[in-house]
Amino acid sequence: GQWRRKRSVRRLMRQLSLLESFRAKRRTDDDTVEGSANPDLAGGASVGGAAPASVSEQSPHPTQLAQPRVDKRQRVGDTDTSCEDTMEEDAPMELDVSEDNHQGKPSFDAQLEAAVNLGRAHQEDEDAVGGHDDLPETLSQSLSQSHLHGDSSPEPSEPSEPPAGAAVGCESPPLVDRQHANSEGEAADSEGGAAAAARMDGGHSPTMMGEADTASTLSYDQGGSHSPVETAMVHTILIDVDILRTGGISDEEPPPPAGPVADVWDDDHLKLPCSSHAGVLLPSGGSRKRWPLICDALREPIRNHSELTDALLRYNPKMANRWRFECLNHFFDEMLTPAEHSRFFGETLPGMVRLALRLPEVCPAPIPLLRQGQPAAVTLSQLQIACLLCHSFLCTFPARGSTRARKTLPRVSFEGLYNVWDDRVDQKLQKLRCFVAYFEAIVRTPPSGSVTVVRHYLPDGPAWGTETAHFGDLSVSVDAKIEDLEQHSHVDFANKFLGGGVLGRGAVQEEIIFAICPELVVTCLLCEVMHAKETIVIKGAERYSDYTGYATDFKWVNLHRGADGASERASDSSAPGGDAQGGVDGAAAASGAAASVVVVTRDELRRALTQVVAIDALKIDRWDMQYSERGVLRELNKAFCGFASPHGNASLGIQPLPIATGNWGCGAFGGEKHLKGVLQLMACAVAGRSCVYCTFDDRALAAKLELMHRLLQEYEVCVAEVWGYLMQYCQAYVRSDIDCDVCKFIIEKCNAL
């Protein structure tokens with residue numbers, strides 16, 4: 001039965017492909033007869049009904065080019081095999097679509113509709129037996145995203161109405177179409193962006209939410225010829241300006257929504273616990289709506305960890321025999337002082353509950369997931385992120401749902417930190433300490449900024465053998481930490497499942513960054529597993545904790561300066577020319593940290609000028625894998641995709657920040673640090689970024705990198721020449737004909753010039 005269904009699906013897809021080609025031809029012929037295409041539809045209709053500005057109108061950057069939308073079928077997996085290539089053994093079903101044979105037969109559109117309905121029936125049949133997991137990945141992607149939902153290239157649609165009640169409590173919730181000139185969502189030059197910035201600076205419009213359907217690319221031409229990094233195709237902005245402006249976590253019971261909340265329940269959006277579709281299966285049989293059960297459990301007094309765990313199990317009854325809460329109980333019994341224990345259950349947790357119960361108000365619009373192979377961006381307020389993280393802490397999120405979601409999306413709840421499933425107890429306790437410090441800070445002073453998560457895609461990497469770019473500035477530090485370097489783009493040595501073990505085991509570089517900057521954890525909720533040609537950039541996430549140690553020695557120390565809200569955390573630089581040197585003296589933090597002047601410069605969306613670039617390295621299973629040309633290209637293109645993504649802000653006169661990186665993928669993933677250092681320097685050179693390289697107490701590596709870089713600049717060696725040296729070294733290394741590291745090899749090549 002499985003084999004027959006798969007074959008039927010293949011044949012149906014061939015049939016649909018044939019029909020769509022005929023329909024496209026007819027549409028082209030009709031357009032030719034009409035003489036010209038509708039200009040309003042050609043550019044895509046905006047939400048408000050007006051045609052959006054072209055990419056060239058949005059940004060005067062000379063390298064901003066309009067590129068055709070990449071077929072989603074070409075973005076799944078390491079190969080570019082389309083779904084038609086997987087079905088050559090099956091002949092297409094015969095359909096008569098000629099003009100001469102239409103009499104007495106269904107019309108073309110009727111045949112197409114019948115075929116689509118048949119396809120949907122096949123899809124439902126497949127879903128009933130586990131979806132398309134047994135089909136090739138490209139076929140499954142195409143079946144779910146292209147053929148069964150219309151044309152492979154999307155047609156322009158009529159302006160859509162905003163969802164009812166998109167902004168709860170607002171007289172007229174506007175849905176503003178935001179067009180952005182680059183992937184970071186800078187909109188200072190666009191009319192919509194200027195209006196939104198004006199509203200945030202004191203206007204009367206309480207909410208702005210929208211999507212921009214711009215398909216733009218940004219090419220970094222440093223002397224070579226290569227494919228550009230594809231920037232955000234859709235930027236969804238979910239900012240409630242009233243909450244950004246006032247932000248308080250009220251002591252009063254949250255009022256019921258003033259109108260219906262947009263309730264979307266599918267695999268393309270985050271499934272929220274307040275959805276009417278979310279249910280709970282009861283041990284006694286039957287089920288209940290999840291949100292009323294959560295509200296009933298959390299509104300009761302919670303005075304200690306025993307009552308907290310009881311509340312969590314009331315809306316997770318199936319976990320009663322699995323969740324033991326050993327770490328959570330130990331944390332409150334042993335890690336916290338009596339004063340800290342009293343403050344958490346008397347102030348922090350009630351504030352978290354109040355914020356969590358405001359979820360329908362704080363997040364009234366659907367939150368899209370950032371899917372693999374689909375460049376996109378999402379901007380949320382810091383308070384929205386805090387609300388979502390409160391729900392993660394309280395374990396209220398429903399299950400991911402489909403098989404694909406469970407396989408491709410990271411963990412969303414904190415239960416992995418509460419239970420002892422391995423020997424990493426101390427690491428879990430210290431991460432809990434970081435998160436509790438964050439929750440104390442946001443309850444005391446609700447944050448007033450926003451955070452953007454961007455998914456970048458690199459269709460094809462640079463032609464490294466012909467790149468004539470030269471190496472820029474390099475600073476090598478032996479003892480600096482990447483996250484301590486201000487005004488830099490911090491490289492996250494990421495797992496392809498973003499966040500790695502931050503909500504479970506592990507406390508190495510990525511887990512530590514996510515623990516001390518908890519707003520990064522929202523990417524675990526939104527981001528699907530990374531493809532080999534993708535990177536994820538997070539802009540605006542702030543740091544809340546300081547720490548010492550690494551891995552088993554990791555230990556929380558205190559709140560980061562200013563993170564307690566006692567000092568001024570933001571200097572509003574929303575408009576060009578804003579004062580970036582403001583700030584006031586802060587009081588001593590609750591942890592005993594000294595008062596300090598804290599200045600956080602923000603852009604027009606009130607995002608702090610902080611950036612985290614998440615790039616996942618190859619896991620080295622064979623010793624020669626990283627020295628193959630394929631392995632080298634994979635790492636070069638991955639680093640370039642992250643480093644070349646635009647991170648500046650022209651409206652504030654801000655240039656792209658230097659890259660702060662180090663021994664990427666050289667721990668558990670088995671990478672060789674000299675090789676990874678050379679590859680990252682090459683990526684920085686082609687991307688036009690300066691670099692600060694942290695060697696983490698490795699003085700020998702620091703000396704070699706500095707000497708190699710000085711010689712490369714002195715002899716004006718370009719990236720193409722270093723690529724040649726690298727290929728020579730890799731070939732010799734695989735043959736075991738060389739016994740030195742790649743830095744020394746390149747140094748010798750430079751000295752021979």
Side-chain angles (χ1 to χ4, degrees), residues 470-494 507-517 520 537-538 541-543 545-551 553-555 557 560-561 596 608-615 617 635 638-640 642-643 647 654-669 671-714 722 741-744 746-747 750:
H470 291 84
F471 291 84
D473 296 336
L474 171 68
S475 176
V476 182
S477 176
V478 175
D479 52 4
K481 298 177 181 177
I482 293 175
E483 59 273 14
D484 289 341
L485 298 174
E486 298 182 355
Q487 299 296 308
H488 286 71
S489 290
H490 300 154
V491 176
D492 168 21
F493 306 159
V508 290
Q509 196 256 9
E510 180 174 42
E511 288 83 0
I512 290 175
I513 290 179
F514 275 57
I516 65 176
C517 305
L520 297 175
V537 177
I538 306 98
E542 296 187 48
R543 179 172 176 176
S545 292
D546 291 327
Y547 75 98
T548 60
Y550 190 80
D553 298 326
F554 171 69
K555 184 177 181 181
V557 175
H560 191 58
R561 57 190 179 93
S596 60
L609 300 183
T610 62
Q611 297 152 5
V612 174
V613 180
I615 53 176
E635 302 296 76
K638 173 69 74 168
F640 174 77
F643 299 169
H647 302 297
I654 299 168
Q655 298 300 319
L657 300 179
I659 295 293
T661 187
N663 300 331
W664 167 49
C666 297
F669 278 25
E672 205 282 315
K673 54 190 176 183
H674 298 87
L675 177 62
K676 289 296 175 65
V678 171
L679 297 180
Q680 291 182 89
L681 292 183
M682 293 172 66
C684 283
V686 177
R689 307 286 289 276
S690 58
C691 179
V692 176
Y693 198 97
C694 303
T695 64
F696 310 110
D697 297 326
D698 193 331
R699 298 186 181 277
L701 174 62
K704 288 181 180 180
L705 287 175
E706 287 180 324
L707 176 58
M708 180 190 70
H709 182 264
R710 181 174 62 80
L711 293 175
L712 291 174
Q713 286 192 324
E714 180 180 339
V722 176
D741 60 73
V742 65
C743 290
K744 184 177 180 181
I746 294 175
I747 290 171
C750 290

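Source: prediction; values computed, not measured. In this chain, numbering begins with 1 at the start of the sequence shown.
A distance of 11.5 Å separates CD of E486 from CG of L657, quoted to the nearest 0.5 Å. Taking CG from L712 and CD1 from I746, the interatomic distance works out to 6.5 Å, rounded to the nearest 0.5 Å. Once rounded to the nearest 0.5 Å, the distance linking CD of E542 with SG of C517 reads 9.0 Å. Between atom NE2 of residue H674 and atom NZ of residue K704 there is a gap of 4.0 Å, rounded to the nearest 0.5 Å. Expressed to the nearest 0.5 Å, how far CZ of R543 lies from CZ of R561 amounts to 9.0 Å. T695 OG1 to K673 NZ: the interatomic distance, rounded to the nearest 0.5 Å, is 8.5 Å.
A side chain to side chain contact (heavy atoms under 4.5 Å, CB included) with F493 is found for one member of T661, I513, V508 and no other, namely T661. The side chain to side chain contact (heavy atoms under 4.5 Å, CB included) test with L474 is passed by exactly one of M708, R710, E706, H709: H709.
F669 places none of its side-chain heavy atoms less than 4.5 Å from the side chain of K676. At a threshold of 4.5 Å between non-hydrogen side-chain atoms, the residues I482 and Q509 count as touching. Between F514 and D492 there is a side-chain heavy-atom pair separated by less than 4.5 Å. At least one side-chain heavy atom of S489 sits under 4.5 Å from a side-chain heavy atom of R689. Contact check for C694 versus L485: side-chain heavy atoms found under the 4.5 Å cut-off.
The two residues V476 and A702 make their nearest non-hydrogen contact at CG1-CB, 3.5 Å. Closest approach of D698 and L701 over heavy atoms only: OD1-N, 3.0 Å. In plain terms, the two heavy atoms of L711 and C750 that are nearest each other are CB-CB, 3.9 Å. What you find for C743 and L705 is that their closest heavy atoms are SG-CD2, 3.9 Å.
Using modelled atom types, one side-chain atom of T610 and one backbone atom of A541 make a donor-acceptor pair closer than 3.5 Å. Between the side chain of Q713 and the backbone N or O of F471, at least one donor-acceptor pair lies under 3.5 Å. Between the side chain of E483 and the backbone N or O of H490 there is no donor-acceptor pair closer than 3.5 Å.
Applying the side-chain hydrogen bond (donor to acceptor under 3.5 Å, both in side chains) rule to K481 yields no partners; only residues at least two apart in sequence or on another chain are considered. Y547 pairs by the ring pair (Phe, Tyr, Trp, His ring centres under 6.0 Å) definition with F554, not counting sequence neighbours. Taking the side-chain hydrogen bond (donor to acceptor under 3.5 Å, both in side chains) definition, one finds that N663 meets it with Y693, sequence neighbours left out.
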Report task. Begin from the C-alpha positions of V491 and F643 and carry the test side chain to side chain contact (heavy atoms under 4.5 Å, CB included) through to its verdict. Result -> CA-CA 9 Å; V491 176; F643 299 169; 3.8 Å; yes
